[in-house]
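Ligands are counted one by one from 1 in listed order, and the atoms in each one are counted from 1 as well.
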Amino acid sequence: MRRVTVRVALIGCGTVGTEVARLLLTNADELTARVGDEVRLVGIAERSTEAERDPVIPRELLTTDWQGLVARSDVVIELIGGVEPARTMILGAMAAGASVVTANKELLGKDGPTLYAAAEAAGVDLYYEAAVGGAIPLIRPVRESLAGDRITRVLGIVNGTTNYVLDQMATTGEDLALAVKQAQAHGYAEADPTADVEGFDAAAKAAILASLAFHTRVSTADVHREGITAVTAEDVAWAAETGHVLKLLAVAERLPGDAGVVARVHPALVPLAHPLAGVRGAFNAVFVEAEAAGPLMFYGQGAGGVPTASAVLGDVMTIARHRVQGGRGPAESRYADLPVLPMAQAVTRYQVRLRVADRPGVLAQVAGAFAAHDVSIETVRQAVAPDGSTGEAADLLVVTHRAKESALAATVGALEGLDAVSAVLSVLRVEGA
Ligand SMILES: NC(=O)c1ccc[n+]([C@@H]2O[C@H](COP(=O)([O-])OP(=O)(O)OC[C@H]3O[C@@H](n4cnc5c(N)ncnc54)[C@H](O)[C@@H]3O)[C@@H](O)[C@H]2O)c1
Ligand SMILES: N[C@@H](CCO)C(=O)O
Ligand code: NA
């Protein structure tokens, strides 16, 4: 039988790249046994060959010439991150006939279609399990295991940093700024936490999941995005008070009758009984709902060099087997081509907290504002306003049935215009109920 060596190139030897190299080098014999032919790391492209690195990285593998390395490789692993030069490198690798593994959600969310088209044209594989949910097998189940089903909704915690921050706020009562500092001290949040706390990272992952789940092109720019920077300690305390926990969720759903797809990232109240409520610290979890399968939950470590490297290696092994035995993985599928709708079309439940005058008829006025916009109230709870203004003001907590985002926004506008309402204190979406 013809013996082949699957030559693997790594571009970017940082947090994830170092662990990928370590696994490729230390487990080489096992990987080779599993594939049936030799899987060999042939080079590592970095910005400098002189910088100090983990002793596991052999100096002789390092090069600054990524093009030269790509030309002598069968599989190229891109782990530098960011849009450019990563895109140029991936396209260059594919044009040279190499298959590609990447963890680059930013690039895939922004310009995935260019990469998928290039993979198709070159007849090579493009795998990206590590781009969403780190170590968690998620892309492959959605792309392959559920290929015969119809996914209706994907709902999940896809950013470990913000989950850690919200969990910390809930367990200690800390405010956001302090919790972000703790996340930085633990190495979850970067020095500049913007991509995480403003929801950019989660929005890119939501776009990738929505595209796969609904066979429709969804880019990061199509995802409605609200981060966690407006979340207050009071919001977190109220969530607990009402039997919920606040989570930054990525939601992608197919609207009834295949009217379209809405993808969104925002803080949301999750009932304590829902499995997503129990996802603590920097863990990730994604709920996938499909017509035949029903609900499925994927849970695990969504970040970190070692866990993420596991997902990268899984992709490398799949491609190596294709190289040895022939065949390719599934190509991008966008046959459904559903309209990607704006947030105004989203339908969910809401919890609205209001400060109102405590006098006869106020509740009826408030209820009237909801009714006028066709938003049905599920429950109303009244409490004396916490500032001690006994008898003069009260806080109302209104929970709605499912309603359209545009209707809820109009209701809030109407509430703000009522004399009896001194403030709309918060409006939070309720998911997973
Ligand atoms: N760190 C995680 O937990 C994690 C989890 C999931 C996905 N990812 C993704 O994995 C990728 C890598 O993340 P990371 O945390 O390892 O980043 P990192 O910053 O630790 O490493 C990136 C490495 O790439 C090198 N590099 C940058 N530009 C280069 C260039 N032009 N040529 C050669 N080398 C270059 C840098 O010197 C650095 O060593 C990113 O796309 C990231 O989003 C990371
Ligand atoms: N910053 C990301 C890393 C994984 O993509 C997170 O906190 O989940
Ligand atoms: Na994953």
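The contact set between ligand 1 and Ala130, taken as ligand atoms under 4.0 Å from a residue heavy atom, comprises 6 (C), 7 (C). Within ligand 1, counting atoms from 1 as listed, the ones closer than 4.0 Å to a heavy atom of Ala303 are 3 (O). Short contacts between ligand 1 and Val16, defined as distances under 4.0 Å to a heavy atom of the residue, involve ligand atoms 1 (N), 2 (C), 4 (C), 16 (O), 44 (C). For ligand 2, the atoms closer than 4.0 angstrom to any heavy atom of Ala303 are 3 (C), 4 (C). Ligand-side atoms of ligand 1 in range of Pro85: 31 (N), range being under 4.0 angstrom from any heavy atom. Taking every non-hydrogen atom of Asn159 and a distance limit under 4.0 Å, the qualifying atoms of ligand 2 come out as 1 (N), 2 (C), 6 (C), 7 (O), 8 (O). In the vicinity of Asp201, heavy-atom distances shorter than 4.0 Å reach the ligand 2 atoms 2 (C), 5 (O).
At a threshold of 4.0 Å, the pair Arg321-Asp125 does not count as salt-bridged, since none of the basic side-chain nitrogens sits closer than that to a carboxylate oxygen. A salt bridge does not link Asp222 to Arg217: none of the charged nitrogens lies less than 4.0 Å from a carboxylate oxygen. A salt bridge links Glu405 with Arg429; the closest basic N to acidic carboxylate O contact falls under 4.0 Å. Of the charged side-chain nitrogens involved, none lies within less than 4.0 Å of a carboxylate oxygen, so that Arg143 and Glu129 do not count as a salt-bridged pair.
Heavy-atom distances between Gly134 and ligand 1 stay at or above 4.0 Å for every pair. At least one heavy atom of Gly302 sits under 4.0 Å from some atom of ligand 2.
Considering backbone and side-chain atoms alike, Glu46 places an N or O below 3.5 Å from some N or O of ligand 1. Ligand 2 has an N or O atom lying under 3.5 Å from an N or O atom of Lys105, backbone or side chain. Geometrically, ligand 2 and Thr161 share a nitrogen or oxygen pair separated by less than 3.5 Å.
Between Phe283 and Tyr299, the ring planes are parallel. Angles under 30° get that label, and only those over 60° would be called perpendicular.
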TODO: Go through the steps for Lys247 and Glu431 under the test salt bridge (charged side-chain N to carboxylate O under 4.0 Å, His left out), then give the verdict.
DONE: CA-CA 10 Å; Lys247 296 289 189 190; Glu431 302 291 341; over 6 Å; no
- [ ] Determine, stepwise, if the pair Arg34 / Glu30 fulfils salt bridge (charged side-chain N to carboxylate O under 4.0 Å, His left out).
- [x] CA-CA 6 Å; Arg34 290 178 196 171; Glu30 262 194 277; 2.7 Å; yes
Task: Test salt bridge (charged side-chain N to carboxylate O under 4.0 Å, His left out) applied to Glu241 and Arg381, step by step - done: CA-CA 12 Å; Glu241 170 78 23; Arg381 198 174 121 183; 2.8 Å; yes
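Taking backbone and side-chain atoms together, Val132 has an N/O/S atom less than 3.0 Å away from the Na ion (ligand 3). Residue Ile136 counts as close to the Na ion (ligand 3), with an N, O or S atom under 3.0 Å. Gly134 lies close to the Na ion (ligand 3), since one of its N, O or S atoms is found at a distance under 3.0 Å.
Only the side chain of Lys205 comes within 4.0 Å of ligand 2, counting heavy atoms alone; its backbone N, CA, C and O stay farther away. Contacts of Thr15 with ligand 1, taken as heavy-atom pairs under 4.0 Å, involve both backbone and side chain. Under 4.0 angstrom from ligand 2, there are no non-hydrogen atoms of Thr308. Here Met89 has side-chain heavy atoms under 4.0 Å from ligand 1, and that is the only part of it that gets that close. Counting heavy atoms under 4.0 Å from ligand 1, residue Lys105 touches it through the side chain alone.
For atom 1 (N) of ligand 2, the closest heavy atom belonging to the protein is Asp196 OD1, 2.9 Å. Here the protein heavy atom with the shortest distance to atom 8 (O) of ligand 2 is Gly160 N, 2.7 Å. Here the heavy atom of the protein found nearest to atom 30 (C) of ligand 1 is Arg47 CG, 3.7 Å.
The protein does not reach atom 19 (O) of ligand 1 closely, with no heavy atom under 4.0 angstrom from it. Within a 4.0 Å radius of atom 15 (O) of ligand 1, the protein contributes at least one heavy atom.
Rounding to the nearest 0.5 Å places OG1 of Thr172 at 3.0 Å from CD of Glu174.
In this structure, Glu144 places its CD atom where more than 12 heavy-atom neighbours from other residues, nucleotides or ligands lie under 6.0 Å away. Crowding of Arg40 atom CZ: a count of heavy atoms from other residues, nucleotides or ligands under 6.0 Å not exceeding 12. Other residues, nucleotides and ligands place more than 12 heavy atoms under 6.0 Å from the CZ atom of Arg140.
The cationic group of Arg225 lies under 6.0 Å from the six-membered ring centre of Phe200 and within 45° of the ring axis, placing it in a cation-pi geometry.
Across all non-hydrogen atoms, the minimal contact from Ser73 to Ala98 is O-CB, 3.8 Å.
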